[in-house]
K.L.:
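One structure, as structure tokens, below. Some questions next.
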Amino acid sequence: MKLVFATNNQHKLDEVRKITTGCTEIVSLSDINCHDDIPETADTLEGNALQKARYIKENFGYDCFSDDTGLEVEALDNAPGVYSARYAGPEHDSEANMNKLLYEMERKENRKARFRTVIALILDGKEYLFEGIINGTIIKDKRGGTGFGYDPIFVPDTHTQTFAEMGNDIKNNISHRALAVNKLVSFLSKIAE
């Protein structure tokens, strides 16, 4: 089975391709000659994921899926949430986003957070949603050199390393995105039977 993954984020594309190796062929937006800036104007992760998937289906005709991911920090009323990628501004600057978050967390005792991914799938004219959540803690200083986004400041529960320290192989087995993608793959496998 081939599915278009409606993302312009090369890190996400690589991560999802590794997770789905041998199950589903993931086609990129550039593979379908889509170079559009797909809108993400909803105020929920679910809304953004559906908006992106619907855009590809309506404009290019392909069955596809899209995700939206947010870091939800308990002490900040679940911010940055849907605004995670542009928390410090529209440039999608990971360093600036982390620095802003660390600044806002300076005097906070409660450092609980969670990453949440929602995947929207459009297949044969029907829409489906899959969610993955991993709980953890925001640390005070950046650690690690792999991953992307907020990975250097997020330590998942039951681990001592940040996502950026543990490397992609471990992260891709336990992450919020992996949990959501595995639900998607499981669903697609049942359909294929």
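Excluded from the calculations below are hydrogen atoms, water molecules and symmetry mates; all remaining heavy atoms, backbone and side chain alike, are included.
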K.L.:
Identify, with sequence neighbours excluded, every residue that meets salt bridge (charged side-chain N to carboxylate O under 4.0 Å, His left out) alongside K171.
P.N.:
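E15, D151.
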
K.L.:
Applying ring-ring contact (aromatic ring centres under 6.0 Å, His included), name anything that partners Y62, two or more places apart in sequence or on another chain.
P.N.:
none

K.L.:
Please enumerate all residues that pass salt bridge (charged side-chain N to carboxylate O under 4.0 Å, His left out) together with D67, with sequence neighbours excluded.
P.N.:
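D67 satisfies salt bridge (charged side-chain N to carboxylate O under 4.0 Å, His left out) with K12, R177 only.
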
K.L.:
Which residue pairs pass the ring-ring contact (aromatic ring centres under 6.0 Å, His included) test with at least one member in residues 10-37, sequence neighbours excluded?
P.N.:
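Matches after skipping sequence neighbours: H11-F148.
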
K.L.:
Using the rule that Ile, Leu, Val, Met, Phe, Trp and Tyr join whenever any side-chain heavy atoms are under 4.5 Å apart, tell me whether V16 and L3 fall into a single cluster.
P.N.:
yes

K.L.:
Can you list everything that forms a side-chain hydrogen bond (donor to acceptor under 3.5 Å, both in side chains) with N8? Sequence neighbours excluded, please.
P.N.:
none

K.L.:
Tell me, do I122 and L50 make a side-chain contact under 4.5 Å, heavy atoms counted?
P.N.:
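A side-chain contact is absent here, since even the closest heavy-atom pair is not under 4.5 Å.
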
K.L.:
Using only heavy-atom distances, determine whether the side chains of E131 and T117 contain a donor-acceptor pair under 3.5 Å.
P.N.:
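T117 and E131 do not have a side-chain donor-acceptor pair below 3.5 Å.
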
K.L.:
Within the side chain of N78, is there an N or O that forms a donor-acceptor pair under 3.5 Å with the backbone of G81?
P.N.:
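Absent.
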
K.L.:
Using the salt bridge (charged side-chain N to carboxylate O under 4.0 Å, His left out) criterion, which residues pair with R17? Sequence neighbours excluded.
P.N.:
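R17 satisfies salt bridge (charged side-chain N to carboxylate O under 4.0 Å, His left out) with D31 once adjacent residues are dropped.
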
K.L.:
Among residues at least two apart in sequence or on other chains, which ones pass salt bridge (charged side-chain N to carboxylate O under 4.0 Å, His left out) with E127?
P.N.:
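Salt bridge (charged side-chain N to carboxylate O under 4.0 Å, His left out) list for E127, sorted by chain: R54.
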
K.L.:
Looking at OH of Y55 and SG of C64, how far apart are the two atoms once the value is rounded to the nearest 0.5 Å?
P.N.:
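Those atoms lie 12.0 Å apart.
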
K.L.:
Hydrophobic clusters here meaning ILVMFWY residues chained together by side-chain heavy-atom distances under 4.5 Å, can you tell me if V185 and F65 are in one?
P.N.:
yes

K.L.:
Kindly say whether V118 contributes a backbone atom to a donor-acceptor pair with the side chain of D68 at under 3.5 angstrom?
P.N.:
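Here the side-chain-to-backbone pair does not exist.
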
K.L.:
Can I get a per-line list of side-chain donor-acceptor pairs under 3.5 Å for residues 100-109, giving both atom names and the distance, sequence neighbours left out?
P.N.:
| unit_1 | atom_1 | unit_2 | atom_2 | d |
| --- | --- | --- | --- | --- |
| K100 | NZ | Y87 | O | 3.0 |
| E104 | OE1 | Y87 | OH | 2.5 |

K.L.:
Output all residues satisfying ring-ring contact (aromatic ring centres under 6.0 Å, His included) with H92, sequence neighbours left out; order by chain, then residue number.
P.N.:
none

K.L.:
Going by ring-ring contact (aromatic ring centres under 6.0 Å, His included), name the residues that satisfy it together with Y150, two or more places apart in sequence or in a different chain.
P.N.:
none

K.L.:
Just so I know, are the side chains of L71 and I138 near enough to count as touching, which here means a heavy-atom distance under 4.5 Å?
P.N.:
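Sidechains of I138 and L71: in contact.
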
K.L.:
For the pair E74 and R114, evaluate salt bridge (charged side-chain N to carboxylate O under 4.0 Å, His left out) and give the outcome as yes or no after the intermediate values.
P.N.:
CA-CA 8 Å; E74 200 172 275; R114 69 181 188 170; over 6 Å; no

K.L.:
Over 60° means perpendicular and under 30° means parallel, so classify the ring planes of F154 and F163, tilted if in between.
P.N.:
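Correct class here is tilted.
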
K.L.:
Contact between V181 and F5 at the side-chain level, heavy atoms closer than 4.5 Å - yes or no?
P.N.:
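Sidechains of F5 and V181: no contact.
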
K.L.:
Which residues pass the ring-ring contact (aromatic ring centres under 6.0 Å, His included) test with Y128, not counting sequence neighbours?
P.N.:
F187

K.L.:
Supply the members, apart from L179, of the Ile/Leu/Val/Met/Phe/Trp/Tyr cluster built from side-chain contacts under 4.5 Å; use none for a lone residue.
P.N.:
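Hydrophobic cluster check, L179: no partners found.
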
K.L.:
Could you go through N99 and E95, starting from their C-alpha distance and side-chain angles, then the distance that decides it, and tell me whether this counts as side chain to side chain donor-acceptor pair (under 3.5 Å)?
P.N.:
CA-CA 6 Å; N99 290 337; E95 282 297 313; 4.6 Å; no

K.L.:
If you count heavy atoms of other groups shown closer than 6.0 angstrom to CG of D77, is the number above 12?
P.N.:
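Not more than 12 within 6.0 Å, no.
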
K.L.:
Are the side chain of E72 and the backbone of A79 linked by a donor-acceptor contact shorter than 3.5 Å?
P.N.:
no

K.L.:
Within a strict 4.5 Å, meaning less than it, do heavy atoms of the D63 and V4 side chains meet?
P.N.:
no

K.L.:
State plainly whether the residues R86 and E91 are in salt-bridge range, i.e. N to O under 4.0 Å.
P.N.:
no

